[in-house]
Visitor: 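This is the structure I want to talk about, given as structure tokens.
Only this structure's heavy atoms are used, side chains among them; waters, hydrogens and symmetry mates stay out. On a predicted model such as this, the values are computed, not experimentally measured, just so you know.
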Amino acid sequence: MRAPTPDLPDMTRTDDRLPRHPFDDDHLHEECGVFGVIGAADAASFVALGLHALQHRGQEAGGIVSYHPESGFNSARRFGYVRDTFTKASLMETLPGTLSIGHVRYSTSGSKGATQIRDVQPFFGEFSVGGVAIAHNGNITNADALRRELIDRGSIFQSSSDSECIIHLMARSLQRTIPERMKDALRRVEGAFSIVAMTRTKMIGVRDPLGVRPLMLGRVGDGWALASETCAFDIVGAEFVREVAPGEMVVISEAGVESHTPFAPRRPRFCIFEHVYFSRPDSILGGRSVYETRRQIGVELAREAPVDADLVCPVPDSGTPAAIGYSFESGIPYGMGIIRNQYMGRTFIEPTEQIRNMGVRLKLNVNRALIRGKRVILVDDSVVRGTTSRKIKEMILDAGAAEVHFRIASPPTAWPCFYGVDTPERSKLLAAGMSEDEMRDHLGIDSLRFISLDGLYRAVGEAAGRDAEHPQYCDACFSGDYPVEPADMIDKGFELKAAE
């Protein structure tokens, strides 16, 4: 058996990453998505299609590992969209076999933005008991402490990713099988993790005990698939079987699916923002349609924050289902007052300051004939820094709107996420330092209202709202209630919300 084939021409490529557009920079973003297939001919092609369906979860780079008995483990890692890289026959021919996993990642802020090809997953390790490739969605909140410990004990890291800690912890385990070594390793890990891994003969899926990030199990022909979202099953014709449960490990082989529970049970805290924004609207989460949940968010928002207006418009595309729900409940007509340029991709080159200053106008344009003279309600998924909201407001007023009212399909984002979401530091979150009225004045709009946390819980199916003593979801970005203390960030000076 040999290690995955390196992609030598790409190892030094650090200048072709996709630039983040100003419109994208004012939204929260998932940092990755995972997909795996076992028991299907040409499995890597299935994985490429699955990753394409999960592209919204990671647009900077992707990687695929496959296994074939004759050539061993083979890998390819590339910057860019799946459609531009993993659709080339010459590349896919280097990834043979009936077992394959893949990963897409998002460009992140600060130092993490300097991604090199060695940071692109899946990661691979060769142990005495065999090789393993791992793809991870989430964030290990004690990764810095683990990394220091492992380096002190002789480990040599090849990337800046927290996920590599899992490989090194597995290497030091004394267990005799890959699944048992993985259990050993993950019991040392804190934070959020949904993992898809593979050995020569098995595919493994694991969720952390809180189940913060999603992981789905599907059937593809006579084989099996694992994915971050059910929409990835649709593209390969797979049947959605069930969610991998919080704290569960599934080990899949020719013999079928084995279920293990390697962690002490805990009350689940699935990320509620998956319902609001991260997941695709055609996915299913917790047995509920994401689209229908977002539409219901709009219904709740209309009940909580009515306003006398002429038109309900979504900020495309994430605000669309909530705007439809708001329009239905309020009786105010729905209209596409803002049109998104679908061909303005993240690879757009911004050569001059004049072009850069166009900002949001490169991606969004106002339907002037519809907007002129109207009192407009704009429905968006969130307000993070507020920069995009101000520019959109200016565009609407320039088009002749009489009034501009913002209705936001999530509570104010006042706290950073440490569980696998790219979030600005707290000082850059508009809601961290301003009240709702202050944000309204800062944005220069006629009114601004966010859905309440209870309203959001009702929209996702919790009829009584949020249980303050035992929250049903992870809502830390709104409440500051972190289900797992972010140990590394606390060590760096981050202060948790004071007890009330």
Side-chain angles (χ1 to χ4, degrees), residues 24 27-35 51 54-63 102-113 115 119-123 134-144 146-147 159-166 186 189-197 205-216 226-229 232 243-244 246-247 266 268-280 283 285 382 384 410 413 415-426 429 473-478 481-489 494:
D24 295 309
H27 285 72
L28 300 184
H29 298 282
E30 265 280 13
E31 291 183 3
C32 44
V34 294
F35 191 86
L51 294 181
L54 298 173
Q55 191 77 85
H56 59 288
R57 300 183 77 89
Q59 298 180 14
E60 181 190 37
H103 184 275
V104 286
R105 64 171 286 147
Y106 208 96
S107 175
T108 54
S109 59
S111 61
K112 291 183 181 179
T115 300
D119 293 318
V120 180
Q121 298 184 43
F123 292 134
I134 292 179
H136 167 219
N137 174 24
N139 191 58
I140 298 171
T141 57
N142 64 334
D144 288 353
L146 289 173
R147 192 182 187 98
S159 77
S160 62
S161 172
D162 61 338
S163 308
E164 192 181 352
C165 289
I166 300 170
L186 294 177
V189 165
E190 298 172 4
F193 52 85
S194 284
I195 291 171
V196 172
V206 197
R207 281 181 82 187
D208 68 81
L210 295 175
V212 177
R213 296 279 151 240
L215 188 61
M216 311 296 174
L226 290 168
S228 291
E229 292 183 41
E243 295 189 13
V244 177
R266 296 187 62 182
R269 295 283 297 275
F270 182 64
C271 172
I272 199 167
F273 214 75
E274 290 277 358
H275 287 286
V276 176
Y277 179 74
F278 297 142
S279 296
R280 263 180 39 168
S283 285
L285 291 176
S382 60
V384 182
S410 62
T413 303
W415 296 86
C417 175
F418 301 116
Y419 307 131
V421 177
D422 179 25
T423 315
E425 60 188 59
R426 188 158 192 258
L429 295 171
Y473 288 87
C474 176
D475 53 31
C477 54
F478 309 131
D481 179 6
Y482 292 95
V484 178
E485 286 195 355
D488 289 341
M489 297 307 299
F494 178 79

Visitor: Compare every heavy atom of G58 with every heavy atom of Q55, then report the nearest pair and how far apart it is.
Guide: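 Of all heavy-atom pairs spanning Q55 and G58, the closest is NE2-O, 2.7 Å.
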Visitor: Quick check: does any side chain N or O of R207 sit under 3.5 Å from a backbone N or O of R213, one acting as donor and the other as acceptor?
Guide: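 The answer is yes, because a donor-acceptor pair under 3.5 Å joins these two groups.
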Visitor: When you measure from the side chain of N137 to the backbone N and O of S194, does any donor-acceptor pair fall under 3.5 Å?
Guide: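 No; zero donor-acceptor contacts below 3.5 Å.
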Visitor: P424 and P416: which non-hydrogen atoms are nearest, and at how many Å?
Guide: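 Nearest pair, atom of P424 first, then P416: O-CB, 3.7 Å.
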Visitor: Using a 4.5 Å cut-off on heavy atoms from C-beta on, say whether the side chain of I166 contacts that of F193.
Guide: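 F193 vs I166: side chains apart.
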Visitor: After noting the C-alpha distance and the side-chain angles of Y106 and Q59, does the key distance pass the side-chain contact (heavy atoms from CB on, under 4.5 Å) rule?
Guide: CA-CA 5 Å; Y106 208 96; Q59 298 180 14; 4.1 Å; yes
Visitor: Whether the side chain of E229 engages the backbone of R280 through a donor-acceptor N/O pair (distance < 3.5 Å, no angle test) should be reported.
Guide: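 Yes; judged by distance alone, with no hydrogens or angles, the pair exists.
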Visitor: Mind checking whether Y482 and W415 have parallel, tilted or perpendicular rings, split at 30° and 60°?
Guide: perpendicular
Visitor: If you look at every heavy atom in A192 and V212, which pair is closest and at what distance?
Guide: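 The pair with the smallest heavy-atom distance is CB-CB, 3.7 Å.
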Visitor: How many angstroms lie between OG in S228 and CG in L54, if you round to the nearest 0.5 Å?
Guide: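 One gets 5.5 Å once the value is rounded to the nearest 0.5 Å.
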Visitor: Give me the one residue out of R57, H103, Q121 that meets side-chain contact (heavy atoms from CB on, under 4.5 Å) with V34.
Guide: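 Only one option passes, and that is H103.
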Visitor: Between the side chain of T141 and the main-chain N/O of A487, is any donor-acceptor distance below 3.5 Å?
Guide: no
Visitor: Locate the shortest heavy-atom distance separating F478 from I272; write the atom from each residue and the value.
Guide: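 Looking at all heavy atoms of both residues, the closest pair is CE1-CG2, 3.8 Å.
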Visitor: Rounded to the nearest 0.5 Å, what's the gap from CG on N142 to SG on C165? Could you check?
Guide: 8.0 Å
Visitor: For S163, is there any backbone N or O sitting under 3.5 Å from a side-chain donor or acceptor partner on S161?
Guide: yes
Visitor: What distance separates I195 CD1 from I134 CD1, expressed to the nearest 0.5 Å?
Guide: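 Rounded to the nearest 0.5 Å, the CD1-CD1 separation comes to 6.0 Å.
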Visitor: Could you state the interatomic distance from SG (C417) to CZ (F273), rounded to the nearest 0.5 Å?
Guide: 10.0 Å
Visitor: Can you name the ring-ring contact (aromatic ring centres under 6.0 Å, His included) partners of F123, sequence neighbours left out?
Guide: none
Visitor: For residues H136 and D162, determine if any side-chain heavy atom of one lies less than 4.5 Å from a side-chain heavy atom of the other.
Guide: yes
Visitor: Taking all non-hydrogen atoms of both residues, which atom of V120 and which atom of A61 are closest, and how far apart?
Guide: CG2-CB, 3.7 Å
Visitor: Can you check whether C477 reaches Y419 side chain to side chain, under 4.5 Å on heavy atoms?
Guide: no
Visitor: Quick check: closest heavy atoms across A135 and G102, and the distance to 0.1 Å?
Guide: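 Where A135 meets G102 most closely, the heavy atoms are CB-O, 3.9 Å.
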Visitor: With rounding to the nearest 0.5 Å, note down the distance linking SG in C271 to CG in L210.
Guide: 12.0 Å
Visitor: Rounded at 0.5 Å granularity, tell me how far NE2 in H275 sits from OG in S283.
Guide: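 Answer for the NE2-OG pair, H275 versus S283, is 11.0 Å.
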Visitor: Looking only at side-chain N and O atoms, does S160 offer a donor or acceptor that is under 3.5 Å from a partner on D119?
Guide: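 Per modelled atom types, D119 and S160 side chains form a pair under 3.5 Å.
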Visitor: Between F278 and V421, is the side-chain contact (heavy atoms from CB on, under 4.5 Å) condition met? List the steps.
Guide: CA-CA 9 Å; F278 297 142; V421 177; 3.4 Å; yes
Visitor: Do L429 and T423 have side-chain heavy atoms sitting under 4.5 Å apart?
Guide: yes
Visitor: Quick one: side chain to side chain contact (heavy atoms under 4.5 Å, CB included) partners of D144, sequence neighbours excluded?
Guide: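 Scan of D144 (side chain to side chain contact (heavy atoms under 4.5 Å, CB included), adjacent residues dropped) gives R148, D488, K492.
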Visitor: Using a 3.5 Å distance criterion without hydrogens, assess whether the side chain of E274 forms a donor-acceptor pair with backbone atoms of Y277.
Guide: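 A pair under 3.5 Å: no.
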